[in-house]
Amino acid sequence: MNLVDTHTHLDFPDFDADRGALLDAAQAAGVRRVVLLGVHRANWERVWGLAQEDDRLYAALGLHPVFLEEHTPAHLDELRQWLERLAGDPRLCALGEFGLDYYLKHLDRERQQWLFEAQLRLAVDFQLPVLLHVRHCHAAVIATLKRYTLPKRGVIHAFAGSWEEAREYLKLGFKLGLGGAPTWPQALRLRSVVPRLPLESIVLETDAPDMAPSMYPGMRNSPAHLPAICQALAELLAVSPQTLADASTRNAYEVFGWA
Ligand SMILES: [Zn+2]
């Protein structure tokens, strides 16, 4: 099996004790490439440093809406400088994690929108795909994406929307990131949407250390769990795990422009 974990936070201290061993275990289980996402100015060095040290790791950089109050306009300028400096480097695979979060009520929506669109413009300028965080705000994100022509599109990470919302993203050329959430029996709506998704639209992810799948409840999530997630989702989609692995990896390669 050849799998890509398109969304992780392996730079988090949760993994300091065993990051290398865990990547070895994931690789032995078929997870060949793992994407690390920057979420705020303070973790870009670490994300980028890890991607330099290990050729299984790829980096994305961004300003995550959950850390809204921490971000400053200077951080956006710095993001542009990083992208200028790293332009053309194959270890930089996308812009992210960024997007909108309407679930957390204390986050100012106007300021979120400003930061979201500023990063969409960077994706246009630097021809990078985007890895988007979208929580309780699909309508706002879809309306915004319709106003931009993104050269490389990207992934709606941890997609948990309706079939109608899925269809809008697919029309815009986006892939949907699926991970632990749809493995939970109580995720009824999501589990009814997933079987309707075309295989061409799915990429797999763990969101490690978060979003543990139902097979590993309450545990630290990791890329080593991706094969089990692939198996559970393949069952839901009524295809073989190999078929889902092949399709999702092909889709990830397409998003990131990997040969
Ligand atoms: Zn994330």
Side-chain angles (χ1 to χ4, degrees), residues 3-16 19 22-23 26 31 33-48 50-51 56-71 75 79 91-104 107 112 115-116 119-120 122-123 128-138 141 153-161 169 174-184 187 190 202-213 216 219-226 229 233 248 251-252 255-256:
L3 293 166
V4 179
D5 192 339
T6 61
H7 197 111
T8 76
H9 300 283
L10 273 197
D11 60 299
F12 285 11
D14 310 59
F15 299 103
D16 282 352
R19 188 174 290 108
L22 199 140
L23 279 167
V31 183
R33 296 185 179 201
V34 174
V35 179
L36 295 179
L37 289 92
V39 292
H40 54 173
R41 173 64 192 88
N43 86 327
W44 298 343
E45 270 93 0
R46 182 144 178 78
V47 162
W48 185 247
L50 288 168
R56 294 167 290 196
L57 298 177
Y58 289 79
L61 299 176
L63 296 166
H64 194 301
V66 162
F67 301 101
L68 185 71
E69 282 144 14
E70 204 185 295
H71 306 320
H75 294 167
L79 182 53
R91 308 310 314 170
L92 180 75
C93 69
L95 198 64
E97 177 172 1
F98 70 105
L100 296 177
D101 194 312
Y102 285 5
Y103 174 74
L104 298 172
L107 300 172
Q112 285 198 59
L115 196 64
F116 178 36
Q119 291 178 89
L120 289 176
L122 288 176
L128 286 168
V130 297
L131 304 177
L132 298 182
H133 171 99
V134 184
R135 198 152 55 151
H136 290 205
C137 56
H138 288 298
V141 167
R153 289 15 167 261
V155 175
I156 306 302
H157 141 67
F159 178 75
Y169 289 122
F174 273 76
K175 308 291 184 201
L176 305 173
L178 299 181
T183 66
W184 289 91
L190 185 53
I202 297 170
V203 298
L204 297 180
E205 59 169 65
T206 58
D207 202 19
D210 299 323
M211 292 209 156
Y216 303 101
M219 279 172 66
R220 178 187 70 166
N221 202 1
S222 96
H225 295 162
L226 199 63
I229 290 173
L233 295 182
S248 62
N251 298 337
V255 169
F256 297 122

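Atoms within a ligand are numbered from 1 in the order they appear, just like the ligands themselves. Predicted model, so just to flag it, every value in this text is computed and none were measured.
Distances shorter than 2.8 Å separate the Zn ion (ligand 1) from the protein N/O/S atoms H7 NE2, H9 NE2, E97 OE1.
Using cut-offs of 30° and 60° for the angle between ring planes, the F116 and F98 rings count as tilted.
Between R46 and D16 a salt bridge is recorded (basic side-chain N to carboxylate O distance below 4.0 Å).
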Taking distance alone, no hydrogens or angles, what donor-acceptor pairs closer than 3.5 Å link side-chain atoms of residues 59-67 to residues at least two apart or in another chain?
{"unit_1": "H64", "atom_1": "ND1", "unit_2": "V66", "atom_2": "N", "d": "3.0"}
{"unit_1": "H64", "atom_1": "NE2", "unit_2": "E97", "atom_2": "OE2", "d": "3.0"}
{"unit_1": "H64", "atom_1": "NE2", "unit_2": "H133", "atom_2": "ND1", "d": "3.3"}

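Closest heavy-atom contact between F15 and S222: CE2-CB, 4.3 Å.
When side chains are defined from C-beta on, L68 counts as touching Q112, because their heavy atoms get closer than 4.5 Å.
Taking the six-membered ring wherever Trp is involved, the centroid distance between the rings of H7 and H9 falls below 6.0 Å.
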